[in-house]
Number of protein chains: 2
Amino acid sequence: MEDLDHEYKNYWETTMFFQNQELEFDSWPMEEAFSGSGESSSPDGAATSPASSKNVVSERNRRQKLNQRLFALRSVVPNISKLDKASVIKDSIDYMQELIDQEKTLEAEIRELESRSTLLENPFKQMDYSTRVQHYPIEVLEMKVTWMGEKTVVVCITCSKKRETMVQLCKVLESLNLNILTTNFSSFTSRLSTTLFLQADEEESSAVEAKIQMAIAAYNDPNCLINF
Amino acid sequence: MEDLDHEYKNYWETTMFFQNQELEFDSWPMEEAFSGSGESSSPDGAATSPASSKNVVSERNRRQKLNQRLFALRSVVPNISKLDKASVIKDSIDYMQELIDQEKTLEAEIRELESRSTLLENPFKQMDYSTRVQHYPIEVLEMKVTWMGEKTVVVCITCSKKRETMVQLCKVLESLNLNILTTNFSSFTSRLSTTLFLQADEEESSAVEAKIQMAIAAYNDPNCLINF
DNA sequence: GGGTACACGTGACGC
DNA sequence: TGCGTCACGTGTACC
């Protein structure tokens, strides 16, 4: 009797076999072993009523299932402070709330990243106004796109050189994800010219030109919410 | 008696007040109301032993706390199929596993978006995120500063071309406020080289070289607080 | 009525 | 020592 009770103690605390929460009805050797002794040591001495006997075993099953679930819960949650039943549930709640919060954070981050990378597909994406920085516009003086054959397109852009013009032009061009083979920037006193060698077909040339012009226009637009 | 049991039924199923899992010891009016009748209807008829009486109320508290936690768990988990205790725990486990999986998915997605995004990030805009975006360091392969006479110094820098290397190099060079006459950037497959024509005296050459090296080093230093 | 789920009181164990 | 926790059997309500 003592030994059995002791085993029961350990049953919840350590020696729990049934970690698989999918099983509904398992064999549970320790409970089975105890069942007989429990019946025989029934306090009323007389024949145990067969009606309640069913209830007893059913109740045992229920308790065992619940403990099983509780143990499974414990195995999912990291950092369980106390092995107490109530504490296990409490820690699970805290952990779950933590997960939910983190999920929201991650989703927000993904939305932020997506709005940043889907620059040209969705030109008008919402952005935080307070984070907008104003810059000098890029003034294009001349732009020429020519197909060189062999999947090579050359783009020549000349713009007036102001403050940070080269950095800004770099940003815009990098945002387009063009297949750039070679780049060359040259700056003189008042002008900045760049020559891009792109890998593209002849029919893509006009599309490339349009993309660049659109991107520069978007970059210059003070109301444009895209962050470059 | 029947009514009381009925109330208990409803107690677990619907009328649960204590959703706050922080409270350890609450007043629990329904249990209190029942306590008296429970004592009087004790089956053994004789005076209930005062020793076990303490245990009874303690046990009641324990049960109530556990149900309280269980109810709180139920309120956190959406889509509980059955209000059964075991089912609540099972659904909680499933939901938690779902959250964990989704967390991994979202994190993977974020990592992919971050690595795929070739857009330039303004370091100021990312301050609200706990995850700081670190830029790729500028890896200088060769640097040469020569005096050409006539107050002209030529600086040649060659670095390995990584993501955004040119923009970053522009930022660093612009931050130095050099008296630049002409610049030329050329990028090939794996290298990016720039040639700067500066207006400077011969004796300034070494200072210019030191300034550029210092600026690049500062830019690469993740602990450097200078914003370029 | 059999089956299920629950709250209850009780004895035991450990800190 | 008491106090907290547990498994157990039981009575009962709901379907």
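Just so we're clear, the structure is a prediction, and the values are computed from it rather than from any experiment. So that the names make sense, note that chain A is the first sequence line, chain B the second, and so on, each numbered from 1.
OP1 or OP2 of C/dC6 sits under 4.0 Å from a side-chain N or O of A/Arg62. The phosphate of C/dA7 (OP1 or OP2) has no side-chain N or O of B/Arg60 nearer than 4.0 angstrom. Between B/Asn55 and D/dG4, a side-chain N or O to OP1/OP2 separation shorter than 4.0 Å is absent. A/Lys85 has a side-chain polar atom (N or O) that falls below the 4.0 Å cut-off from OP1 or OP2 of D/dA7. Between A/Arg63 and the phosphate of D/dG9, there is a side-chain N or O to OP1/OP2 separation shorter than 4.0 Å. Between D/dG4 and B/Asn61, no contact under 4.0 Å exists linking OP1 or OP2 to a side-chain N or O.
Here the P atom of nucleotide D/dT5 and the CZ atom of A/Arg74 are 15 Å apart, to the nearest Å. Rounded to whole Å, the distance from CD on B/Gln64 to C1' on C/dA7 is 12 Å. Atom-to-atom, CD1 of B/Ile89 to P of C/dA5 comes out at 13 Å; the value is rounded to the nearest Å. With rounding to whole Å, A/Leu83 atom CG is found 17 Å from D/dA7 atom C1'. Spacing between atom NZ of A/Lys54 and atom C1' of C/dA5 amounts to 17 Å, rounded to whole angstrom units. Distance B/Phe71 CZ to C/dC6 C1': 16 Å, rounded to the nearest Å. As a whole-Å value, the separation of A/Leu70 CG from D/dT5 C1' is 13 Å. Taking atom NZ of A/Lys65 as the reference point, atom P of C/dG3 lies 15 Å away to the nearest angstrom.
The residue among B/Glu59 and A/Leu66 whose nearest nucleotide of DNA chain C is located toward the 5' end is A/Leu66.
Using a distance-only test at 3.5 Å, with no hydrogens or angles considered, no donor-acceptor pair links the side chain of A/Asn179 to the main chain of A/Ala200.
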| query | Are B/Ile212 and B/Ile157 close enough, and set up right, to give a side-chain contact (heavy atoms from CB on, under 4.5 Å), and what steps lead you there? | reply | CA-CA 10 Å; B/Ile212 294 177; B/Ile157 306 174; 4.0 Å; yes

Check the pair A/Glu174, A/Lys171 against salt bridge (Lys or Arg N to Asp or Glu O under 4.0 Å), reporting the backbone distance first and the verdict last.
CA-CA 5 Å; A/Glu174 283 219 45; A/Lys171 287 184 182 178; over 6 Å; no

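B/Ile93 and A/Arg69 make their closest contact through CD1-O, 3.5 Å (heavy atoms, listed as atom of the first residue, atom of the second, distance).
For A/Val56, taking side-chain heavy atoms from C-beta onward, the closest of the listed nucleotides D/dG4, C/dT4, D/dG9 is D/dG9.
A/Glu107 and A/Arg111 are not joined by a salt bridge, as no carboxylate oxygen comes within less than 4.0 angstrom of a charged side-chain nitrogen.
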